[in-house]
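Worksheet for the structure shown next.
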Amino acid sequence: MGDLDNWVTGSARSYAASGVTAGQRFVSTYNAGPFVAGAALAAFDRIGLCHIPVGSGNTERLVKAIELLRPEAVALTPSYAAYLMEREADLRSSSVERVLVAGEPGGGEPAFRGQLEEGWGARVTEAMGIGDIGPSLWGECEEQDGMHLGARGFVHAELVDPESGAALEMDEGATGELVLTHLEHRAAPLLRFRTRDHVEIRTRPCRCGRTGPRIRCIGRTDDMLIVRGVNVFPSAVREVVSGFVPEVSGHILVRPEAPGVKQEPPLPVSVELARGQSGNDSLTEAIREKLREVLVVQTRVDLVPWGSLGRSEYKSRLVDH
Ligand SMILES: [Zn+2]
């Protein structure tokens with residue numbers, strides 16, 4: 001019970017930092033297992049929100065919920081927020097005042113956030129949870145200058161050099177991998193859990209009055225690319241390309257031209273054809289357009305023959321660094 005209560009308290013703090021208050025309607029689009037979803041539900045309840053779970057992957061239903069139930073706030077991933085913005089012309093006139101983004105980095109980037117706020121006509125704040133540690137741990141306040149640790153007192157945060165694992169000072173502007181430790185958890189507590197999230201630290205006082213260091217998640221330490229301000233996950237590219245099966249095999253390889261995370265568009269992506277397929281320009285164009293529509297990224301799609309990209313039975317290498 002103590003563990004669960006700490007989860008709920010930490011999550012409630014992280015969501016409430018955004019400014020959502022008791023009595024407001026809150027649409028969520030996350031899919032989570034019953035245990036984690038239950039804790040999130042209890043956190044919304046703790047704040048006093050009227051929670052409207054829509055789940056992911058059903059845009060019609062989400063748009064209908066916004067139209068008919070007139071929520072003050074919506075929680076979704078930044079990519080989905082951007083997708084909806086491009087698809088739905090009248091979001092600005094909706095009831096939504098706050099958009100809480102989580103699930104992947106991006107919502108805290110000024111240029112990308114600005115686009116979302118313009119498209120939604122709403123304030124966009126970021127939240128972050130790490131399943132192994134707690135459903136929602138960090139939440140940004142209305143000052144929009146990094147996420148506060150809602151689970152403060154239950155979870156200890158550290159910064160390490162992702163290469164060496166050495167601890168780094170959590171000074172203003174410092175970057176590194178986020179490492180988290182359960183302080184009170186009794187069921188399967190984790191000590192110095194490496195999140196693989198690359199974060200930047202903010203320590204200057206926040207005008208909201210909350211204390212302690214804030215973070216902005218820059219991306220997964222291992223695989224994320226930033227193409228002109230938009231975060232691109234190779235796994236998301238693969239997901240989109242997989243929609244073209246049976247013409248393609250579903251295997252892809254992102255081939256960045258510049259070293260490092262930041263890339264200029266178009267991002268080269270090799271897409272493997274299915275066995276016996278030879279491909280054509282209209283397929284190339286359809287994949288490119290779908291990637292643009294879903295991931296908001298300009299790519300240069302290169303169709304390659306069946307069997308030319310590597311296979312793995314564990315995790316596929318999706319980026320050719
Ligand atoms: Zn603040």
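All values below were derived from every heavy atom in this structure, side-chain atoms included, with hydrogens, water molecules and symmetry-related copies excluded.
Between His148 and Trp138, the closest side-chain pair of non-hydrogen atoms is not below 4.5 Å. The closest side-chain heavy-atom distance from Val63 to Leu84 is below 4.5 Å. Counting only heavy atoms from C-beta outward, the side chains of Asp171 and Thr203 never approach each other to under 4.5 Å. The closest side-chain heavy-atom distance from Leu180 to Leu137 is below 4.5 Å. The side-chain heavy atoms of Glu88 and Asp90, taken from C-beta on, include a pair separated by under 4.5 Å. For the pair Pro268/Asp302, no side-chain contact is recorded, criterion being any heavy-atom separation below 4.5 Å from C-beta on. Residues Thr195 and Met128 have side chains not in contact (no heavy-atom distance under 4.5 Å, counting atoms from C-beta outward). A 4.5 Å side-chain heavy-atom check between Arg292 and Thr299 finds every atom pair outside the cut-off.
Considering CE of Met170 and CD1 of Ile201, their distance stands at 3.5 Å, rounded to 0.5 Å. Distance check: Arg216 CZ to Glu126 CD gives 6.5 Å after rounding to the nearest 0.5 Å. Taken from OG1 in Thr59 to CZ in Arg61, the straight-line distance is 12.0 Å, to the nearest 0.5 Å. Considering CG of Leu190 and NE2 of His182, their distance stands at 5.5 Å, rounded to 0.5 Å. Atoms CZ and CD1, on Phe193 and Ile133 in that order, are 5.5 Å from each other to the nearest 0.5 Å. The distance from atom OG of Ser164 to atom CD of Glu177, rounded to the nearest 0.5 Å, is 10.5 Å.
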Would Val160 and Leu168 satisfy side-chain contact (heavy atoms from CB on, under 4.5 Å), going step by step from the backbone distance to the final call?
-> CA-CA 5 Å; Val160 303; Leu168 300 170; 5.5 Å; no
Val96/Ile66 under side-chain contact (heavy atoms from CB on, under 4.5 Å): CA gap, chis, key distance, verdict | CA-CA 8 Å; Val96 176; Ile66 292 173; 4.0 Å; yes
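The shortest heavy-atom contact between Ser136 and Ala127 is OG-CB, 4.2 Å. Ala16 and Ile47 get closest at one heavy-atom pair: N-CD1, 3.8 Å. When all heavy atoms of Arg214 and Pro205 are compared, the closest pair comes out as NH1-C, 4.2 Å. Heavy-atom minimum distance, Thr181 versus Glu158: OG1-OE2, 4.3 Å. Nearest heavy-atom pair, Ala73 versus Leu100, reported as atom, atom and distance to 0.1 Å: CB-CD1, 4.4 Å. The shortest non-hydrogen separation linking Leu309 to Ser270 is CD1-O, 4.0 Å.
Partners of Arg300 according to the salt bridge (Lys or Arg N to Asp or Glu O under 4.0 Å) rule, which considers only residues two or more places apart in sequence or in another chain, are Glu257. Looking at residues two or more places apart in sequence or on another chain, you find a ring pair (Phe, Tyr, Trp, His ring centres under 6.0 Å) between Phe44 and Tyr15, Phe26, His51. Legend: residues meeting side chain to side chain contact (heavy atoms under 4.5 Å, CB included) with Leu273, ordered by chain and number and at least two apart, are Gln277, Leu283, Leu303. Residues that satisfy the side chain to side chain contact (heavy atoms under 4.5 Å, CB included) test with Glu200, not counting sequence neighbours, are Thr175, Arg202, Ile218.
Not a single donor-acceptor pair under 3.5 Å links the side chain of Arg25 to the backbone N or O of Ile52. No donor-acceptor distance shorter than 3.5 angstrom exists from the side chain of Arg228 to the backbone of Pro266, with no hydrogens or angles considered. Without hydrogens or angle criteria, Glu272 side chain to Ser249 main chain gives no donor-acceptor distance under 3.5 Å. Ser94 places a side-chain N or O within donor-acceptor distance of the main-chain N or O of Leu91, the cut-off being under 3.5 Å. Here the side chain of Arg186 pairs no donor or acceptor atom with the backbone of Asp3 at under 3.5 angstrom.
The neighbour count for Arg92 CZ, taken as heavy atoms of other residues, nucleotides or ligands under 6.0 Å away, is above 12.
Side-chain atoms of Thr211 and Arg152 include a donor-acceptor pair closer than 3.5 Å. Side-chain contact of Thr125 with Glu140: a donor-acceptor pair under 3.5 Å is absent, judged by distance alone.
Between Asp132 and Arg194, none of the side-chain N atoms (NZ, or NE/NH1/NH2) sits under 4.0 Å from a carboxylate O, so this pair counts as no salt bridge. Ion pairing of Glu117 with Arg123 is absent here, as no side-chain N (NZ or NE/NH1/NH2) approaches a carboxylate O to less than 4.0 Å.
Contacts classified as salt bridge (Lys or Arg N to Asp or Glu O under 4.0 Å) and involving residues 8-19 (residues at least two apart or in different chains) are not found. Counting only residues at least two apart or on different chains, the salt bridge (Lys or Arg N to Asp or Glu O under 4.0 Å) pairs with a member in residues 275-287 are Glu285-Arg288.
Note on Val245 and Val271: same hydrophobic cluster, where clusters join Ile, Leu, Val, Met, Phe, Trp and Tyr whose side-chain heavy atoms are under 4.5 Å apart, directly or indirectly. Cluster membership check: Trp120 shares its hydrophobic cluster with Val54, using side-chain heavy-atom separations under 4.5 Å among Ile, Leu, Val, Met, Phe, Trp and Tyr. Criterion: ILVMFWY side-chain heavy atoms under 4.5 Å apart, direct or through other members. Under it, Leu69 and Val99 are part of a common hydrophobic cluster. The hydrophobic clustering, which links ILVMFWY residues whose side-chain heavy atoms are closer than 4.5 Å, places Val294 and Val254 together. Residues Val241 and Val297 fall within the same hydrophobic cluster, defined by Ile, Leu, Val, Met, Phe, Trp and Tyr side chains chained together at heavy-atom separations under 4.5 Å.
Of the residues Gln24, Glu142, Glu72, the one that meets the side chain to side chain donor-acceptor pair (under 3.5 Å) test with Arg98 is Glu142.
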